[in-house]
Amino acid sequence: MPETKDDKKTALEGGKPVRTEPLPLEFPGAHYYDQEEVDAVVRVLKSRSPYRYYGLDHQREAETFEKEFAAFLGVPYAVAVSSGTGALHVALSALGVGPGQEVIIPAYMWVSVIAAVVNHGAIPVLADIDETFGLNPAAVEKQITPRTAGIIVVHMSGAPVDVQEIRKVARAHNIFLLEDCAQCCGGRIGGQPVGTFGDMGIYSFQLNKNMTSGEGGCVVTSDERLYQRAVAAQDLGYARDGKGRLIENDPSLTLWGRGYRMDEMRAAILRVQLRKLPRVIESMHRSKYRIRKALEAFPQVQLRRIVDPAGDTSCFLITTYADAATAREVCQALRAEGIVTYPQGLTNIVMPDWGLHLYSNNTSLLKRASVDAHGFPWNLAENSESHPSYERGTCPTADSLFERSIIIAVPSCLTERDEEEIIRAFEKVLSKVYASTAQVKAG
Ligand SMILES: Cc1ncc(COP(=O)(O)O)c(C=O)c1O
């Protein structure tokens, strides 16, 4: 069809919007649910054995999923649990985190990371991020004190962050490194899966994740003791031997259990989802890199620095602008062009509007919310030397990146037409926003 004047006018100027139908919702793994997941659940139901450790006709789905997930990652041990938040708690229990310790966390993460540290009686210490939207190794180094027990690196928004550099810092200071891969399941750096660079890795299988059972999580490690402690922490407080019997005579493997067990139905779903994961990632990767390539025509737009594009799971696209006003202008104009989704989802928003992923949006952190009436863990004598800052301004690079960036979900079911329309909307809006700059340059 020939281009009309209205096609060039942005929707905000009264032109015709590029799209009228909302973009598909994100939920990457869920788009690939079909009869296979149904059969998996029915198999467990028919066995009348939904519990992971025994049953009338026990299918060993959780145990088998753990083996398959560990093999997929190339690690010896995986412990499936009931959520990603549970996985963080289990990992920190396995690592022995407690009062008197500090754990370094990134300015861009998810509230569960803070919660896991605080619930263990330790103090979270923020470190700034860089253009990867992951921890800046130099910023981490600056936050290390004699009380630092470890670092939680978070592979946010689908792309692996620079975990190899962070690992050097952890090794140099002999502290643990825990990788939160909740948003990056299947991500890789140089072919090596995220979650296998640190002492432990955790995953979430909540609805918004690359593979999903609605709720669910996993802890992985190559260290047998950490594995056994994780088994104890997610269950009854005791590790189990090769025959599934509780080990009650080893004090180093005796903790208090949290009852965060995975169940057989979700494990059965996850076994199917794991097989589909490469297809889910391939689809998002194709869409995201097609859009990124088109955006290269606009050098004013800064694209997130991706440590290894081949290993990017690609569930989100982040673009950064010269200032906050431009980011808001572009976002609003793109929304007017139809770059929105259904009300159950969020896409195409400036990052400060994104939620509890930004340290500065976590009011409970700012206010040092407590789990009891005595100010636990902030007021514990063991933590009296720790006085980290949580106010906005603590991580200036993060503050600047957040206010200048837009985040767009890349659903795993985008059609070529969807991709073209997203690109067309960007082209229309950016040509308009940068038209004055172009004129100045031309002049
Ligand atoms: C980075 C990150 N860590 C941890 C979690 C917690 O996972 P869950 O929602 O399964 O408890 C999430 C999930 O939403 C997350 O995005």
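As the structure lists them, so they are numbered: ligands from 1, and atoms in each ligand from 1.
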> So that I know where these two stand, are Tyr108 and Tyr359 an aromatic pair - ring centroids less than 6.0 Å apart?
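They do not qualify: ring centres at least 6.0 Å apart.
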
> Tell me whether Tyr238 at atom OH has more than 12 heavy atoms from other residues, nucleotides or ligands lying less than 6.0 Å away.
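For Tyr238, atom OH is not crowded (no more than 12 foreign heavy atoms under 6.0 Å).
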
> Just say parallel, tilted or perpendicular for the rings of Phe133 and Phe402, cut-offs at 30° and 60°.
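Judged by the thresholds at 30° and 60°, the geometry between Phe133 and Phe402 is tilted.
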
> Which of the numbered atoms in ligand 1 are below 4.0 angstrom from a heavy atom of Ser204?
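So the answer, numbered in order with elements, is 7 (O), 8 (P), 10 (O).
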
> If you measure from atom 13 (C) of ligand 1 to every heavy atom of His357, His155, Lys209, Gln183, which option wins on shortest distance?
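Ranked by closest heavy atom to atom 13 (C) of ligand 1, first place is Lys209.
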
> Can you name the atoms of ligand 1, numbered from 1 with element, that are less than 4.0 Å from a heavy atom of Gln206?
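In order of number, 9 (O), 10 (O).
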
> Does CD belonging to Gln164 count more than 12 external heavy atoms closer than 6.0 Å?
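Buried by this count: over 12 neighbours within 6.0 Å.
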
> Ring centroids only, cut at 6.0 angstrom: are Tyr289 and His285 within range, meaning strictly under it?
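Yes, close enough.
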
> Among all the protein's non-hydrogen atoms, which is closest to atom 5 (C) of ligand 1, and how far away is it?
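Result: Trp110 CD1, 3.5 Å.
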
> Could you see which bit of Asp180 sits under 4.0 Å from ligand 1, with heavy atoms only: side chain, backbone, both or neither?
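Side chain only.
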
> Looking at CZ of Arg52 and CG of Asp263, how far apart are the two atoms once the value is rounded to the nearest 0.5 Å?
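Arg52 atom CZ to Asp263 atom CG measures 10.0 Å (nearest 0.5 Å).
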
> Given that the side chain starts at C-beta and the backbone is N, CA, C, O, which of these parts of Ser83 lies under 4.0 Å from ligand 1, counting heavy atoms, or is it both or neither?
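Looking at Ser83 and ligand 1, atoms from backbone and side chain both fall under 4.0 Å.
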
> Quick test: of every protein heavy atom, which one is nearest to atom 11 (O) of ligand 1, and how far off is it to 0.1 Å?
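The closest one turns out to be Thr85 OG1, 2.5 Å.
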
> Output yes when the distance from some N or O of ligand 1 to some N or O of Gly84 is under 3.5 Å, and no in every other case.
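It does: an N or O of Gly84 is found under 3.5 Å from an N or O of ligand 1.
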
> So which of Leu23, Ile406, Val330, Thr341 actually passes side-chain contact (heavy atoms from CB on, under 4.5 Å) with Asn348?
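Testing each of Leu23, Ile406, Val330, Thr341 against Asn348, the sole residue satisfying side-chain contact (heavy atoms from CB on, under 4.5 Å) is Ile406.
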
> At under 4.0 Å between heavy atoms, is it the side chain or the backbone of Val154 that contacts ligand 1, or both, or neither?
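Just the side chain.
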
